[in-house]
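Structure first, then comments.
Chain A is the first sequence line, chain B the second, and so forth, proteins listed ahead of strands; every chain is numbered from 1.
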Amino acid sequence: MKINIVAFGIAKEIINSPECSLEVKTPCSVGSLKETLMAKYEEFQKLKSIKFAINEDYQEDRFLLNEGDEVVIIPPVSGG
Amino acid sequence: MKINIVAFGIAKEIINSPECSLEVKTPCSVGSLKETLMAKYEEFQKLKSIKFAINEDYQEDRFLLNEGDEVVIIPPVSGG
Amino acid sequence: MRDIKILDTPLNTQLCHDAVEDPAAGGIVVFVGVVRDQTKNRKVVQLVFESYVPMALKEMNKIADLLYQRWGILHVCIHHRIGVLDIGEIPVIIAVSTPHRQAAFEACQYAIDTLKETVPIWKKEIFKDGAVWVSARP
Amino acid sequence: MRDIKILDTPLNTQLCHDAVEDPAAGGIVVFVGVVRDQTKNRKVVQLVFESYVPMALKEMNKIADLLYQRWGILHVCIHHRIGVLDIGEIPVIIAVSTPHRQAAFEACQYAIDTLKETVPIWKKEIFKDGAVWVSARP
């Protein structure tokens, strides 16, 4: 299936776009999405951490994606 | 010597005046002034605490008074 | 800069905030004391604050000295009001600015805790059927 | 009452203070984050904040939920700004009111500490000769 991914902050600079889409095998967990992404964009490996929000909530590596989920890369936050 | 004493808060109500004067023996410490005052106005014994400021600073019982010192009774404070 | 005052007019939060602004400040913490409508489940109508003003200013300045020494603060503003206050009015505001926020929280809390212990200001709670000097009795 | 917003216009300390006023409040603590003129001894020119807004609001509301549960606060106001900020401007204000002051200090500090860990907002420091997304690199 195709997963559309939105990026903010440094993630946006790494993929050089505010969004991208990746073709992944079904079922696809957050963890394997992360691996696919890190393989495609090696710069992500240099970040302190990288999390994913699915439909506006943080999700762990074992969380399974559905087609149509709102997937957002969350690099280290620095608000305040 | 004669010591003039200024009172605030509940101390003002106990001596029923914003100030009073006491005749004390020389030398007179803060501690003995406190005893004299508590003997004259027994209500002071019911307070949680009573301190004295001499010339705008807190002073301990063993501090000796001079004639002309600005002596203020400091009942428990409750600012803020 | 320190801005330490005892006032008989309403206090202003924005003013105290502005007094501690600084390009080197990363955090400002402002504590605002407010007159509550009750104490120990008894309904308060008004509060009356009185102060031994020259000594109170001296003690407030001692607190400020310590904030500079212990927490390396940039600026502090302490305004305390005296006179008759209604429910919801502000008896005290303490604003502190520091390069990093943790110090601002600690210094501000130390300042209000110490003010309540050492500064010669007295509060009388006025109830419908009486009045009490706060903290006086055991 | 909770007043939780992400704004692209200047924040106002007085407004956040007023949002948490309450007759039952004994203390209000306001934390104001300020853009410092330097970081690690390097001179900062501007900051740019961006946010994943709907999720940021959701995470800020989770923080608010916890303040009510853990500290029994009366009200909370969290305003965060996004966009380009100059030195001395305010990226964040958190105001908390509680019946007793200790809880207001603790809750306010918890709120800003947690906001910096969980809320999807990113800060880019602009220097004369470059720019860095804060916290991104180890």
Side-chain angles (χ1 to χ4, degrees), chain B residues 3-22 29-31 33-35 37-80, chain C residues 4-7 11 31-36 39 44 47-63 78-83 85 89-94 108-125 130-138:
Chain B
I3 299 287
N4 293 313
I5 302 171
V6 176
F8 287 96
I10 196 167
K12 194 169 57 180
E13 293 189 358
I14 289 173
I15 70 171
N16 200 26
S17 165
E19 45 194 313
C20 69
S21 62
L22 282 184
S29 68
V30 165
L33 181 72
K34 191 193 289 185
E35 281 170 26
L37 202 72
M38 283 185 161
K40 186 167 177 190
Y41 304 99
E42 291 181 0
E43 273 290 301
F44 279 121
Q45 296 169 26
K46 297 182 189 160
L47 297 190
K48 197 194 268 175
S49 74
I50 171 172
K51 293 180 182 175
F52 287 83
I54 315 301
N55 304 326
E56 303 177 5
D57 281 308
Y58 289 108
Q59 297 297 351
E60 301 293 325
D61 281 359
R62 289 188 289 178
F63 187 87
L64 288 179
L65 298 171
N66 284 340
E67 194 137 25
D69 278 343
E70 184 177 316
V71 178
V72 179
I73 313 172
I74 311 281
V77 302
S78 51
Chain C
I4 291 176
K5 292 196 183 82
I6 292 180
L7 299 158
L11 305 189
F31 172 75
V32 181
V34 187
V35 175
R36 293 179 65 199
T39 179
V44 174
L47 284 193
V48 181
F49 285 86
E50 69 173 48
S51 174
Y52 175 25
V53 175
M55 182 180 170
L57 291 170
K58 211 166 163 179
E59 290 293 326
M60 285 153 83
N61 271 290
K62 286 182 192 168
I63 294 173
I78 309 179
H79 285 187
H80 203 298
R81 188 168 164 197
I82 52 176
L85 274 74
E89 288 201 287
I90 297 172
V92 66
I93 300 178
I94 300 179
C108 188
Q109 190 160 8
Y110 175 87
I112 180 63
D113 289 352
T114 308
L115 182 147
K116 284 173 177 269
E117 279 173 18
T118 64
V119 177
I121 297 176
W122 298 272
K123 172 165 56 188
K124 192 176 197 172
E125 289 170 339
V132 172
W133 285 103
V134 177
S135 302
R137 308 285 184 176

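- Contacts between C/V134 and chain B at a heavy-atom distance below 4.5 Å involve backbone atoms as well as side-chain atoms.
- Residues B/A53 and C/M55 share a closest heavy-atom pair of CB-SD, 3.3 Å.
- C/Y52 has its side chain within reach of B/E70: a pair of non-hydrogen atoms, C-beta onward, lies under 4.5 Å apart.
- A side-chain donor-acceptor contact under 3.5 Å links B/S78 to the backbone of C/K123.
- Take C/K124 and apply the side chain to side chain contact (heavy atoms under 4.5 Å, CB included) test, not counting sequence neighbours, and it matches B/E13, C/V48, C/I126, C/A131, C/W133.
- When every heavy atom of C/T118 is checked against every heavy atom of B/V77, the shortest pair comes out as N-CG2, 4.1 Å.
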Please tabulate, one pair per line, all N/O donor-acceptor pairs under 3.5 Å involving side-chain atoms of residues 45-52 of chain B, not counting sequence neighbours.
unit_1, atom_1, unit_2, atom_2, d
B/Q45, NE2, B/M38, O, 3.1
B/K46, NZ, B/E43, OE2, 2.8

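- Comparing C/I93, C/V132, C/V119 by heavy-atom pairs within less than 4.5 Å of chain B, the highest count is held by C/V119.
- In this structure, the portion of C/E117 lying under 4.5 Å from any heavy atom of chain B is its backbone and not its side chain.
- Among C/G33, C/P54, C/A56, the residue making the largest number of heavy-atom pairs under 4.5 Å with chain B is C/P54.
- Between B/I74 and C/W122, the shortest heavy-atom distance links the atoms CG2-CZ2, 3.7 Å.
- Taking both residues in full, the closest heavy atoms of C/P91 and B/G80 are given as CG-O, 4.0 Å, listed atom of the first, atom of the second, then distance.
- With a 4.5 Å cut-off on non-hydrogen atoms, B/N55 touches chain C through its backbone but not through its side chain.
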